[in-house]
Amino acid sequence: MKKENDFFNDVYEVVRQIPKGRATSYGAIAAYLGKKRGARLVGWAMGSSYHQQGIPAHRVVNSQGILTAKMLFDTPTFMQEKLESEGILIKNDKIQNWKECFWDPEKELAL
DNA sequence: GGTATGACTGTAT
DNA sequence: GATACAGCCATAC
């Protein structure tokens, strides 16, 4: 079967649509794609493609708003500084106003 | 096709 | 609050 609409592709689409100054969680994306417990796939998919242009992977954090992947970027501060530059307040690698920055694709995209 | 792994999440202790 | 364990799904070997 064709796979042009891979899980990866869907992840890219969603992540690309994350507005500036906002962030979302792996679980939210997974749930939006129908993989209620496939958060790991989202993270894995991102890790395999965060190098690609147009994928603001730094806007994707875990359910607690913690920058779990910051260490995987070129620099451990890249992710935090990037988010801070967009207006997101971060402390201890964790988004302080997480609930305010949280961008839920199921609601925002309102499919 | 089975085993191992992963940027996760939720429940249990 | 922190640690431990289990669940879930796709990719890689």
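Chain letters run A, B, ... following the sequence lines, proteins first and then strands; every chain starts at 1. No hydrogens, no waters, no symmetry mates; every other heavy atom, side chains included, goes into these values.
Looking at Y50(A) and V60(A), their side chains never come closer than 4.5 Å, going by heavy atoms from C-beta outward. No side-chain heavy atom of R59(A) sits under 4.5 Å from any side-chain heavy atom of K82(A). Looking at W103(A) and V14(A), their side chains come closer than 4.5 Å, going by heavy atoms from C-beta outward. Taking the side chain as every heavy atom from C-beta outward, L67(A) and K94(A) never approach each other to under 4.5 Å.
Nucleic acid contact class of V61(A) (heavy atoms, under 4.0 Å, all strands): none. At a threshold of 4.0 angstrom between heavy atoms, the contacts of G27(A) are confined to the sugar-phosphate backbone, with no base atom among them. At the heavy-atom level, A30(A) lies nowhere under 4.0 Å from the strands shown.
Using a 4.0 Å cut-off on heavy atoms, none of the residues of residues 78-90 of chain A approach DNA chain C.
Taken to the nearest 0.5 Å, the SG atom of C101(A) stands 10.0 Å off from the CD atom of Q96(A).
The interatomic distance linking K35(A) (NZ) with dT9(B) (C1') rounds to 17 Å, in whole Å. Distance Q52(A) CD to dA7(B) P: 17 Å, rounded to the nearest Å. Here the P atom of nucleotide dG1(C) and the CG atom of N92(A) are 14 Å apart, to the nearest Å. Between the P atom of dC8(B) and the CH2 atom of W98(A) lies a distance of 13 Å, rounded to the nearest Å. The separation between I66(A) atom CD1 and dG1(C) atom C1' is 12 Å, rounded to whole Å. In this structure, the CG atom of D10(A) is 14 Å from the C1' atom of dC9(C), given to the nearest Å. One interatomic measurement links the two molecules: CG of D6(A) to C1' of dA12(C), which rounds to 15 Å at whole-angstrom precision. Atom CD of Q64(A) and atom P of dG1(C) are 10 Å apart (whole Å).
Of the listed residues (V11(A), D10(A), T24(A)), just one forms a side-chain contact (heavy atoms from CB on, under 4.5 Å) with V42(A), and that residue is V11(A).
With hydrogens and angles disregarded, no donor-acceptor distance shorter than 3.5 Å links the side chain of Y12(A) to the backbone of I55(A).
Between S63(A) and the phosphate of dT9(B), there is a side-chain N or O to OP1/OP2 separation shorter than 4.0 Å. OP1 or OP2 of dC8(B) has at least one side-chain nitrogen or oxygen of T68(A) nearer than 4.0 Å.
Looking at E108(A) and R22(A), no side-chain N of the basic residue comes within less than 4.0 Å of a carboxylate O on the acidic one, giving no salt bridge.
Shown here for A30(A) and A39(A), the closest heavy-atom pair between the two residues is CB-N, 3.5 Å.
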Please enumerate all protein N or O atoms sitting under 3.5 Å from an N or O of nucleotides 3-6 of chain B, with distances to 0.1 Å.
| unit_1 | atom_1 | unit_2 | atom_2 | d |
| --- | --- | --- | --- | --- |
| dG6(B) | N7 | R40(A) | NH2 | 3.4 |

